[in-house]
Colleague: 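Just passing along the structure, written as structure tokens.
The basis for the numbers below is simple: all heavy atoms, side chains too, and nothing from hydrogens, waters or symmetry mates.
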Amino acid sequence: ASKGTQHLEKIRDILKNCAIKSTNGITYLIIGVENQANIHYAMVIRNMVQDALSYAAQVEETAKKHRLNKDLRDGGEYLSGFAKNDRLIPVITITLYWNSGKWDAPRTLHEMLDVSDKEIFQYIPDYRLNLVVPDEIDDFGVFETDLGVVLQMLQCAKDKQKMKAVLAEKNRMLVEKDTVDLLEECVNLKIAVSQENEEVVDLCKALQDWAEEERAEGRAEGIEQGKILMVVSLMKDGYITKEVA
């Protein structure tokens, strides 16, 4: 590249083409997903660039087809490589926050700008994050997949009493084995699975077993610590090591 030219290339976490059925027919979309384990304070710019690059790629692909077919009129269409009736596929980027707690980073471009005169905003197009934060979800029943379970566990990951309450109101919570692996990674839980090849796991029972193991380990650790304190106390009282043993 020449001096002053910046090469820009961004890699998305996930990018999928999809078709949404509705009463008006079918809408084609490009869905991008950005996974964040930690808060990104410039996520607005990162996603905005990703979306812009996706639209630019569509324009370039359209221009290539026109050059191949040689079907553009002279003038604006020929210069831009884009015909008057050409249309782009909408791009929607969703940011998933795989953590508990609040998202305190900016969610719009306007929030990031250093502007004292608010009237200037009417001349600056805004960009808004499509953000999924577990801590902000009130109804996990809207999810039709195990994603809802993972997000709910993330929401109460640092609140054991809340997690117990969630498990108590459900007799069973069947999830796929891949979901268990994801929970172990995101929520830092060690979930016992009875069989390695088990494809569906009762999360309620697995977490209850895990909690019982935690309590048992806590009791054992308490007994061990009690023994150590007793030994230290005896040594302070002047008993020799052999007598303490």
Side-chain angles (χ1 to χ4, degrees), residues 1-99 103-134 136-137 142-145 147 151 182:
S2 61
K3 186 177 180 180
T5 301
Q6 186 178 28
H7 178 66
L8 186 61
E9 183 179 359
K10 300 290 183 182
I11 305 299
R12 285 185 182 269
D13 290 345
I14 301 172
L15 190 65
K16 296 288 185 181
N17 294 319
C18 67
I20 307 297
K21 293 182 179 180
S22 67
T23 54
N24 297 323
I26 297 177
T27 300
Y28 292 95
L29 299 172
I30 296 176
I31 302 293
V33 178
E34 294 296 321
N35 297 299
Q36 288 299 125
N38 299 296
I39 295 174
H40 194 306
Y41 289 94
M43 199 72 204
V44 171
I45 304 303
R46 177 176 169 179
N47 285 6
M48 186 170 64
V49 171
Q50 296 276 26
D51 289 355
L53 288 174
S54 293
Y55 285 123
Q58 289 186 58
V59 171
E60 180 59 30
E61 185 63 28
T62 301
K64 285 182 180 178
K65 291 179 181 179
H66 284 309
R67 287 196 295 270
L68 182 64
N69 297 329
K70 298 180 180 180
D71 56 359
L72 288 178
R73 295 179 296 178
D74 292 337
E77 287 191 351
Y78 183 81
L79 290 174
S80 61
F82 203 77
K84 179 180 178 180
N85 295 324
D86 284 336
R87 293 294 181 267
L88 301 175
I89 299 174
V91 179
I92 299 175
T93 298
I94 301 170
T95 300
L96 281 169
Y97 181 46
W98 297 98
N99 213 326
W103 177 278
D104 62 358
R107 302 182 183 218
T108 68
L109 174 62
H110 283 185
E111 289 179 63
M112 298 186 67
L113 300 180
D114 184 11
V115 175
S116 56
D117 185 356
K118 303 302 181 183
E119 290 187 6
I120 293 177
F121 283 139
Q122 64 181 306
Y123 305 107
I124 306 172
D126 202 2
Y127 180 91
R128 177 180 58 84
L129 287 181
N130 295 306
L131 185 64
V132 179
V133 180
E136 299 174 359
I137 300 173
V142 299
F143 293 91
E144 297 182 2
T145 67
L147 176 62
L151 296 177
L182 183 58

Colleague: Rounded at 0.5 Å granularity, tell me how far CG in Asn99 sits from CD1 in Ile39.
Modeller: 8.0 Å

Colleague: Using every non-hydrogen atom in the two residues, find where Leu72 and Gly81 come nearest and quote the distance to one decimal.
Modeller: CD1-CA, 3.6 Å

Colleague: State, yes or no, whether a side-chain contact exists between Tyr41 and Asp104 at a heavy-atom distance under 4.5 Å.
Modeller: yes

Colleague: Taking all heavy atoms of Pro106 and all of Val44, pick out the closest pair and write down the distance.
Modeller: O-CG2, 3.6 Å

Colleague: Search all heavy atoms of Asn38 against all heavy atoms of Tyr97 and return the closest pair with its distance.
Modeller: C-CE1, 3.9 Å

Colleague: Within a reach of under 6.0 Å around CD of Glu144, are more than 12 heavy atoms found that belong to other residues, nucleotides or ligands?
Modeller: no

Colleague: Quick one: OG1 on Thr95 to CE on Met43, what's the gap to the nearest 0.5 Å?
Modeller: 4.0 Å

Colleague: Can you sort out the partners of His40 under ring pair (Phe, Tyr, Trp, His ring centres under 6.0 Å), two or more places apart, ordered by chain and number?
Modeller: none

Colleague: Let's go through Leu131 and Glu136 carefully: what are the C-alpha distance in whole Å and the side-chain angles of both, what is the deciding distance for side chain to side chain contact (heavy atoms under 4.5 Å, CB included) to 0.1 Å, and is it a yes or a no?
Modeller: CA-CA 10 Å; Leu131 185 64; Glu136 299 174 359; 5.5 Å; no

Colleague: Could you list the residues that satisfy side-chain contact (heavy atoms from CB on, under 4.5 Å) with Leu68, not counting sequence neighbours?
Modeller: none

Colleague: Determine which pairs satisfy salt bridge (Lys or Arg N to Asp or Glu O under 4.0 Å) with at least one residue from residues 25-38, sequence neighbours left out, and list them in order.
Modeller: Glu34-Arg46

Colleague: Can you list the residues that meet the side chain to side chain donor-acceptor pair (under 3.5 Å) rule with Tyr55, with sequence neighbours excluded?
Modeller: none

Colleague: Hey, what do you get for CD (Gln50) to OG1 (Thr93), rounding to the nearest 0.5 Å?
Modeller: 7.0 Å

Colleague: With sequence neighbours excluded, what pairs up with Leu15 under the side-chain contact (heavy atoms from CB on, under 4.5 Å) test?
Modeller: Arg12, Ile30

Colleague: Atom CG of residue position Asp114 - does it have more than 12 heavy atoms of other residues, nucleotides or ligands inside 6.0 Å?
Modeller: no

Colleague: Quick one: closest heavy-atom pair of Pro134 and Leu151, and the distance?
Modeller: CB-O, 3.4 Å

Colleague: My understanding is that only residues two or more places apart in sequence, or in another chain, count here; which of them pass salt bridge (Lys or Arg N to Asp or Glu O under 4.0 Å) with Arg87?
Modeller: none

Colleague: Can you list everything that forms a side chain to side chain donor-acceptor pair (under 3.5 Å) with His66? Sequence neighbours excluded, please.
Modeller: Asp71, Asp86

Colleague: Taking only residues two or more places apart in sequence, or in another chain, which ones meet Met48 in a side-chain contact (heavy atoms from CB on, under 4.5 Å)?
Modeller: Ile45, Leu109, Tyr127

Colleague: Sequence neighbours left out, what passes side-chain contact (heavy atoms from CB on, under 4.5 Å) with Asn35? Give chain and number order.
Modeller: Asp13, Ile14, Val33, Leu96, Trp98

Colleague: What residues, two or more places apart in sequence or in another chain, satisfy side chain to side chain donor-acceptor pair (under 3.5 Å) together with Thr108?
Modeller: Glu111

Colleague: Any salt bridge (Lys or Arg N to Asp or Glu O under 4.0 Å) involving residues 16-28? Give me the pairs, sequence neighbours left out, ordered by first then second residue.
Modeller: none

Colleague: Go through Lys64 and Glu61 one step at a time and tell me if the side chain to side chain contact (heavy atoms under 4.5 Å, CB included) criterion holds.
Modeller: CA-CA 5 Å; Lys64 285 182 180 178; Glu61 185 63 28; 4.3 Å; yes

Colleague: What residues form a ring pair (Phe, Tyr, Trp, His ring centres under 6.0 Å) with Phe121, not counting sequence neighbours?
Modeller: His110

Colleague: So how far is it from Cys18 SG to Ile89 CD1, rounded to the nearest 0.5 Å?
Modeller: 9.5 Å

